[in-house]
Amino acid sequence: MADTGIEKFKYIRRVTPYVPGDQPEHFRVKLNTNENPYPPAPGVAKVLAESDSHRLRLYPDPLCKELVDAIAGYHGVDPARVFVGIGSDDVLALSFMTFFNGEKPLLFPDITYSFYEVWASLFGIHAKKIPLDEQFCIRPDDYAKPCCGVIFPNPNAPTGILSPLSTTRRIAGLHPECVVIVDEAYIDFGGESALSLLPEYDNLMIVRTFSKSRSLAGLRVGYAVGDKRLIDALWSVRSSFNSYTLTETAVQAAVASIRDETYFRERIGQIVATRERTKTVLADMGYDVLPSEANFVFAGVRDGSAKRLAGFLKERGIFVRYFPGERTGNRLRITIGTEPQMDELFAALKEYHV
Ligand SMILES: *Cc1c(COP(=O)(O)O)cnc(C)c1O
């Protein structure tokens, strides 16, 4: 860390923060933070247009009951099994604080969502990273180690690779006394959710977000579904920290999104179709594309110039995400945009390779 003179203040907590992807003011095509290229359901715009500023006098419902009920209804679970927060990052941070409160290490994959390491460090949780196999897959038996919990995204990020439900079963079964979190930020783009395993494993908790599949990254809504005891524990910690989290507008807009299943399915269908075309086009151009089930692909650049290529694209206003590192540093994570956006990317890639 650079010497900024902060050492003078002896009691300040020093952390190395998570670095999110750029949110540039100007861009042509933004494919760097896995946002959805389509607008949210029309009902969301209606909620925002009709929102009444006089209501802002009042605190929102601390339990976000309308949204909890809508999510519970959508998944067919008891509302007592649903927790909501300010994006899944908030739900995850509170989960780290609540569930991984032990001496033994928290286990998560090496490579994964890089925020896990940051929360572990912030909350003083000892973390142990478990390498992915040669195909970038999670090997469940590698998680048969003493731990205070396990967390992994499914599909994983930034690989996009989906683990079968048997992996989740195996890991949850290994540690019945620990909480195992499956971060399903991308599950709507093709995977089978572990929600169906909840009746069998009371230590399993699923975390979801409205940011990606529901085009609501800017609204900040995420949730968890799990055993009532786990959900109660999360509400208790939340209420010991910040009792009013989601605004009433966020609650109403998120409910409007849930109500429009047809719109939701159609947009997912478009993104999945564009993803499959993207895989083919990139593979034809010589990229080593991992089998993604998410709204992004992790493409290997064969001539070893991933970082340079990211810079070349950025100069043309096309943003993709580059992660330095031994196994990630020769790849680019490319969010799936609209068809014309992907065509702009492909044209720029062709230009790069001439
Ligand atoms: C995007 C993402 C999140 C955070 O999403 P929010 O916008 O905070 O809901 C969490 N986990 C993974 C794996 C993600 O990719």
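Throughout, numbering of the chain's residues begins at 1 and tracks the sequence. Remember, it's a predicted structure, so these values are computed and weren't measured experimentally. Side-chain atoms are counted along with the backbone in the values below, which use heavy atoms only and exclude waters and symmetry mates. We count ligands from 1, going down the list as the structure has it; atoms in each ligand are counted the same way.
Judged by distance alone, the side chains of Asp89 and Tyr113 do bring a donor and an acceptor atom under 3.5 Å apart.
Counting heavy atoms under 4.0 Å from ligand 1, residue Ala185 touches it through the side chain alone. With a 4.0 Å heavy-atom cut-off, ligand 1 is reached by the backbone of Asp89 and by its side chain too. Residue contacts with ligand 1 for Tyr186 involve side-chain atoms from C-beta outward but no N, CA, C or O (heavy atoms, distance under 4.0 Å).
Counting the atoms of ligand 1 from 1 in the order shown, those under 4.0 Å from a heavy atom of Gly87 are 8 (O), 9 (O). Counting the atoms of ligand 1 from 1 in the order shown, those under 4.0 Å from a heavy atom of Arg220 are 6 (P), 7 (O), 8 (O).
Between Asp141 and Arg139, none of the side-chain N atoms (NZ, or NE/NH1/NH2) sits under 4.0 Å from a carboxylate O, so this pair counts as no salt bridge. Look at Asp288 and Arg331 and you find a salt bridge, because one of the NZ, NE, NH1 or NH2 atoms lies within 4.0 Å of a carboxylate O, short of that distance.
With respect to atom 1 (C) of ligand 1, the closest heavy atom belonging to the protein is Lys212 NZ, 1.2 Å. Scanning the protein for heavy atoms near atom 7 (O) of ligand 1, the closest one is Ser211 OG, 2.6 Å. Nearest protein heavy-atom neighbour of atom 5 (O) of ligand 1: Ser88 OG, 3.1 Å.
At a threshold of 4.5 Å between non-hydrogen side-chain atoms, the residues Pro176 and Tyr201 do not count as touching.
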Assess the residue pair Lys30 and Thr33 against the criterion (side-chain hydrogen bond (donor to acceptor under 3.5 Å, both in side chains)); give the C-alpha distance rounded to whole Å, side-chain angles, the decisive distance to 0.1 Å, and a yes or no. CA-CA 8 Å; Lys30 189 170 178 308; Thr33 52; 2.7 Å; yes

Stepwise, does the ring-ring contact (aromatic ring centres under 6.0 Å, His included) test hold for Phe115 with Trp119? CA-CA 6 Å; Phe115 220 144; Trp119 286 313; 3.9 Å; yes

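Note that CG of Leu345 and CG of Leu332 are 9.0 Å apart. Values are rounded to the nearest 0.5 Å.
In the candidate list Asn154, Asp183, Ile86, Asp183 is nearest to atom 11 (N) of ligand 1, counting heavy atoms.
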